[in-house]
Amino acid sequence: MSRPFDVAAIEEKWQARWLDEGTYEVDNDDPRERYYALCMYPYPSGAAHQGHVRNYTFGDLVVRYQTMLGKAVLSPYGFDSFGLPAENAAIKAGSHPRLFTEARMHELKTSVRRLGAVYDWRREVFSHDPNYIRWSQTIFLAFLEAGLAYRAEAQVNWCPGCKTVLANEQVLADGTCERSGDLVMRRFLEQWFFKITDYAEELLTSLNDLEWPERVKTMQRNWIGRSEGVEFDLPLAYDPSKALRVFTTRPDTGFGVTYAVVAPEHPMLALLTTDDERLRVEEIVSRATSISEIERTSSSTEGVAAEKRGAFTGSYVLNPFTKERVPVYVADYVLGNYGTGAIMAVPGEDERDYEFAKVHGLPIVRTVQPPEGFDGDVYNGDGAHINSEFLDGLDVAAAKTKATEFLVEHANGITKVNYRLRDWLVSRQRFWGCPIPVVYCDDDGIVPVPNDQLPVLAPDDVTMNESGQSPLATHEGFFSTTCPKCGKPARRETDTMDTFTDSSWYFLRFADPFTADKAFDPAQAAKWMPVNQYIGGIEHAILHLMYARFYLKALVDIGMAEGLPREPFQRLFTQGMIRLDGSKMSKSKGNLISPEEYYKTVGADGLRLFHLFAGPPADDLDWTDQTNDVIDGCGRFIDRLVRLWNDYDVNYHAIADESDLAVRQEAHRTIVRVTNDFDRWSYNTAVAALMELLNTVSKAARSEHGIEKATLQDSLDILVTLLAPMAPHITAELWEDRHPELPSVHLLPWPVADPALVAEATVTMVVQVNGKVKSRIEVPPTITEEEATTAALADPQIVAALGGVAPTRVVARPPRLVNIIP
RNA sequence: GCCCGGAUGGCGGAAUUGGCAGACGCGGAGGCCUCAAAAGCCUUUACUCGAGAGGGUGUGUGGGUUCGAGUCCCACUCCGGGCACCA
């Protein structure tokens, strides 16, 4: 492509100027209205790829647009710089993860600048900065003191490949590690947890007030998984003073309970198991505990033979409704860590119970009458109760209420809300993460590292082990220490924190990176929080966004974030992903298309326009054979603008006339369109509107009749101003060239349309006969129903279409449409 | 299995409240300029019948509501995503 200007020179000139002049630096005491725009800080994986370009194009547009709207816009940048890839790369190269990470940070920073995205670089934050580590550790210790961090032996997901524990969220549905792909095993280890479950209810209810995509809110709601029910006793048949406690959301189906089930890890299992059944029970237990929970759960449909999934314990409990003895089974389909780890089984109304009952020959009693014509085995919808004595005839809701009352009175029942959300396991047996700042002392137990000894930093003299095991665990200089309380020899914690802890508060440090003696000054952070617009990938819909919400709520509650809102991200935008040959474009898949080559041809401006124009920002983008042509097209649009701006091939006339008025009207109507489109994140139509304006102006200027000079210049001034947030370099250059006496286009106020020029003198009224368009009439926008009808019926084409038949009905919707029904 | 999206020309997409379907761009066709090409500029481009004027059809499928449906309702097909023994 040959361009009518030197793309690289212009873009580099302006990038340097924005940086050198600190154009987008903003102070915390800025008097203007505030706006906090934030793209999720990236993992430094090297030079930017198209996913970054897309992300930062949207983010930068918001920053520049809000600035032109007169606001003080906080636009920070930083790096989520701890993490496994750097550690793995260091193992391979025999180097330190910091070297690798910092090289990648430099690459990414350089290529983000080359895109023309602007930030307040004074506020840069990165997770492995000793200063950031210090505050991450301070927060950990504050959580510990508040009882929000605790240590517990837990059955954890152990990845044999990564030699580390994974959070539930990092295990894929097929039971493999999301990073290495290894099958995840189960192990019991002492681990650190954060009590995110304390916040389950608030995390759920306060979703309602967030301006987030419904899809993301739904995913979070499902993840929290709130369910209301009753917890009650099933007395043991041989000794009713003891009882098996169960949880159910369907107390109304109590008369259909024909057996009970305990999880393989249930504490009462040994007590329940009789000698006769011990062998078979142990077989179930050992099978269930030797494999991962995920594998165990996914075997419901196939794999393990159904009868191997559970066994009779030999004991019976009493159904409090029927007073009858029902057998107790152990089965792997009941989870030990949800509810009470035991259930009442209702095979008539529960799919899983039904399958199990079928295999084991257990009785099935239906307690809700299915609707007529229902031919399934399990009915769990609404209907009148049957076989249920005092519940008979009641619908599900009424029967639930009555059954709950019954259980409260007769079976130590209590109403209970359970959540699927588990506490957040934050320990990682990794090197390249934030060290957990505690010491284990034989006498004093868990001792927090005192404030004046923070940060606890990993040593530099480590050899990254081929096995992948963290060198911290074997580095004596690191782990061997003295107890801060008693001074005796003690051992330092060698686990590090999940990197999601780093990304759970970085946006607070961005708001106040200047305070030296605190993670952030709440009064300063409060000036910016909450983030007005958060932008990132849909892949963070659950984890990062849930954890960050938890962190802020907890920080407010423990007094570290006094006066801050409890929700960090007011508006969220999740961009679509870029696909190449059907799969997500990513570094790990090795199917990246580098932006670099486009900087030489269409420039950063052209590439940005492409990403804005390609489709709705939330939709996925397919990178196809056609894509390069579309990108070239975006470059051509800029070229056509530059040529017209430079008077190329333009015919002028001296006095403005009606054709000039039409051009000015179009320019002002475009202001309205683009502004509306920006506000609803419809960037593809905003670009289209500017293309239309250029076409209109160009056509007028190139016509024989020509254009008045001021009309051309004013219209193009408007176009360039509207284009500035999308294509910042060329617009800055053109503007400076023509208006050297004025501020940069990026510092101008966003244009306001002149209402007189936006108003339509006439509108096109469609006239239909029987719903089919037969004519179009130009009418004043104020036309009345009667006038519209009269005009329509008088139109020659309508007269012809009606062929003398009198209309039976006329629907007039002035000034848009009249529909005549003969 | 459950939940949430989506389906519009050759392609990406537009149509903000039920009111002109296909804006804008890509690709294609024809032309101008040129010794020639590139670049640029102009015209045209949903399908279909027709030389043309003009007509018919058309927003995944089938029904419905309405003067009028891409848009609302019901049923279904296909595609994408999330969750998946949470009692």
Side-chain angles (χ1 to χ4, degrees), chain A residues 1-4 173 213-219 221-223 225-227 229 246-250 253 261 293-294 296-301 309 331-335 337-346 349-353 355-356 418-422 538 541-542 577 579 609-610 613-616 618-622 624-634 636-637 639-640 643 648-649 673 676-677 680 682 684-692 694-695 698-699 702 764-773 775-776 807-813 816-821:
Chain A
M1 259 186 112
S2 88
R3 310 287 306 273
E214 248 348 281
R215 182 160 71 124
V216 175
K217 291 205 228 178
T218 304
M219 282 162 73
R221 287 187 187 111
N222 292 341
W223 192 260
R226 182 183 199 275
S227 50
V246 296
F247 172 74
T248 183
T249 55
R250 290 295 303 274
T253 61
V261 187
E293 181 178 309
I294 303 289
R296 168 177 150 198
T297 56
S298 64
S299 64
S300 63
T301 41
R309 302 193 55 213
D332 64 5
Y333 81 90
V334 173
L335 305 176
N337 56 357
Y338 181 80
T340 61
I343 62 157
M344 62 177 223
V346 189
E349 273 96 26
D350 183 285
E351 201 78 52
R352 300 150 300 182
D353 295 344
E355 275 177 42
F356 192 82
N418 275 325
Y419 301 90
R420 291 173 45 186
L421 183 72
R422 303 293 149 80
I538 186 73
I542 298 174
M577 66 180 186
R579 278 188 310 235
L609 273 180
F610 162 73
F613 183 58
D619 288 5
D620 286 350
L621 170 68
D622 272 307
T624 67
D625 296 344
Q626 213 193 166
T627 300
N628 281 335
D629 289 331
V630 179
I631 295 173
D632 285 346
C634 291
R636 273 200 295 275
F637 165 67
D639 292 349
R640 294 176 60 215
R643 280 192 214 99
Y648 180 83
D649 219 10
R673 282 176 69 182
N676 283 343
D677 286 347
R680 67 189 178 109
S682 183
N684 52 334
T685 54
V687 176
L690 293 180
M691 288 174 167
E692 283 184 67
L694 181 64
N695 290 343
S698 164
K699 199 164 249 177
R702 265 69 185 262
T764 306
M765 185 174 78
V766 171
V767 186
Q768 299 176 331
V769 174
N770 227 353
K772 294 192 177 182
V773 180
S775 182
R776 295 180 175 86
T808 58
R809 187 175 169 193
V810 178
V811 180
R813 291 285 176 274
R816 291 263 162 253
L817 169 138
V818 174
N819 187 12
I820 299 161
I821 299 96

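Predicted model only: the values in this text are computed from it and were never measured. The sequence lines fix the lettering, A, B, ..., with proteins before strands; numbering per chain opens at 1.
- Taking the side chain as every heavy atom from C-beta outward, A:N684 and A:P616 approach each other to under 4.5 Å.
- Distances were taken from every side-chain heavy atom of A:R813 (C-beta onward) to each of B:rG82, B:rG19, B:rA14; the shortest belongs to B:rG19.
- Summarising the geometry, the separation between CZ on A:F637 and P on B:rC26 is reported as 11 Å, rounded to the nearest angstrom.
- Backbone-only contact: A:R643 has heavy atoms under 4.0 Å from sugar-phosphate atoms and none from a base.
- Across the P atoms, B:rG58 and B:rA53 are found 23 Å apart, a figure rounded to whole Å.
- Side-chain atoms of A:D353 and A:I343, non-hydrogen and from C-beta on, do get closer than 4.5 Å to each other.
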Practice prompt. Just do the side chain to side chain contact (heavy atoms under 4.5 Å, CB included) check on A:L817 and A:Q768 with the steps written out, would you?
Written response: CA-CA 8 Å; A:L817 169 138; A:Q768 299 176 331; 3.7 Å; yes

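- Separating the C1' atom of B:rU8 from that of B:rU59 is a span of 4 Å, rounded to the nearest Å.
- Side-chain contact of A:D677 with A:T685: a donor-acceptor pair under 3.5 Å is present, judged by distance alone.
- In this entry B:rC83 has B:rG1 as its Watson-Crick or G-U wobble partner, both defining distances falling under 3.5 Å.
- Across B:rC73 and B:rG81, the matching C1' atoms stand 26 Å from one another, rounded to whole Å.
- Regarding A:D620, its CG atom lies at a distance of 8 Å from the P atom of B:rG81, rounded to whole Å.
- Distance CG (A:N337) to P (B:rA87): 13 Å, rounded to an integer number of Å.
- Comparing A:T764 and A:K772, the nucleotide of RNA chain B nearest to each residue sits closer to the 5' end for A:T764.
- Residue A:N695 is in sugar-phosphate contact alone, with no base atom involved, counting any heavy-atom pair closer than 4.0 Å across all strands shown.
- Two residues are said to be in side-chain contact when any heavy atoms from C-beta on lie closer than 4.5 Å; A:R250 and A:V346 fail this criterion.
- Using P as the reference atom, B:rU77 and B:rU61 are 15 Å apart when rounded to the nearest Å.
- To the nearest angstrom, C1' of B:rC32 lies 15 Å from CZ of A:R702.
- Side-chain contact of A:N695 with A:R640: a donor-acceptor pair under 3.5 Å is present, judged by distance alone.
- One can place CG of A:N819 at 18 Å from P of B:rG18, the figure rounded to the nearest angstrom.
- If you check B:rA29 for Watson-Crick or wobble pairing at under 3.5 angstrom, you find it paired to B:rU43.
- Within the structure, every side-chain polar atom (N or O) of A:T685 is placed at least 4.0 Å from both OP1 and OP2 of B:rC24.
- For A:T248, counting side-chain heavy atoms from C-beta on, the closest listed nucleotide (B:rA87, B:rA84, B:rC24) is B:rA87.
- For A:R215 against B:rC4, no side-chain N or O and base N or O form a donor-acceptor pair under 3.5 Å.
- Residues A:V818 and A:V811 have side chains not in contact (no heavy-atom distance under 4.5 Å, counting atoms from C-beta outward).
- Of the candidates B:rA87, B:rG10, B:rG19, B:rG10 carries the atom nearest the A:Q626 side chain, counting heavy atoms from C-beta on.
- With distances taken from any side-chain atom of A:F613 to the nucleotides B:rG12, B:rA21, B:rG19, the minimum falls on B:rG12.
- Counting any heavy atom pair closer than 4.0 Å across all strands shown, A:Q768 reaches a base atom.
- Nucleotides B:rG64 and B:rC83 are separated by 34 Å at their C1' atoms, to the nearest Å.
- With rounding to whole Å, A:E692 atom CD is found 9 Å from B:rA23 atom P.
- Searching all strands for a Watson-Crick or G-U wobble partner of B:rA38 with both distances below 3.5 Å returns nothing.
- The shortest distance between side-chain heavy atoms of A:R776 and A:V767 does not fall below 4.5 Å.
- The side chain of A:R221 places no N or O atom within less than 4.0 Å of a non-bridging phosphate oxygen (OP1 or OP2) of B:rC3.
- Spacing of P atoms, B:rG10 relative to B:rU65, comes out at 32 Å, to the nearest Å.
- Going from atom OH of A:Y648 over to atom C1' of B:rA39 covers 9 Å, rounded to whole Å.
- Between A:R809 and B:rC67 there is a side-chain polar atom (N or O) within less than 4.0 angstrom of OP1 or OP2.
- Partner assigned to B:rA7 is B:rU77, using Watson-Crick or G-U wobble distances below 3.5 angstrom.
- Nearest to the side-chain atoms of A:P616 among the listed nucleotides B:rG13, B:rA23, B:rA87 stands B:rG13.
- Judged by distance alone, with hydrogens and angles left aside, A:N222 brings no side-chain donor or acceptor close enough to the base of B:rC83 to form a pair under 3.5 Å.
- B:rG10 atom P lies 19 Å from atom CG of A:D629, rounded to whole Å.
- Between A:R420 and the phosphate of B:rA87, there is no side-chain N or O to OP1/OP2 separation shorter than 4.0 Å.
- Only the C1' atoms considered, B:rA37 is 26 Å distant from B:rU45, to the nearest whole Å.
- In this structure, B:rA15 forms no base pair with any nucleotide, since neither Watson-Crick nor G-U wobble geometry is met with both distances under 3.5 Å.
- Nearest to the side-chain atoms of A:S227 among the listed nucleotides B:rC20, B:rA87, B:rG19 stands B:rA87.
- Residue contacts shown for A:I821 are limited to sugar-phosphate atoms, with no base heavy atom under 4.0 Å away.
- With contacts defined as side-chain heavy-atom distances shorter than 4.5 Å, the pair A:Y338/A:R422 qualifies.
- Comparing A:C634 and A:L621 by the nucleotide of RNA chain B whose heavy atom lies nearest to each, the residue mapping closer to the 5' end is A:L621.
- Note on A:R680: a base of the nucleic acid sits closer than 4.0 angstrom, heavy atoms only.
- Comparing the P positions of B:rG6 and B:rG13 gives an interatomic distance of 13 Å, to the nearest angstrom.
- Its glycosidic angle being within 90° of 0, B:rG9 falls on the syn side.
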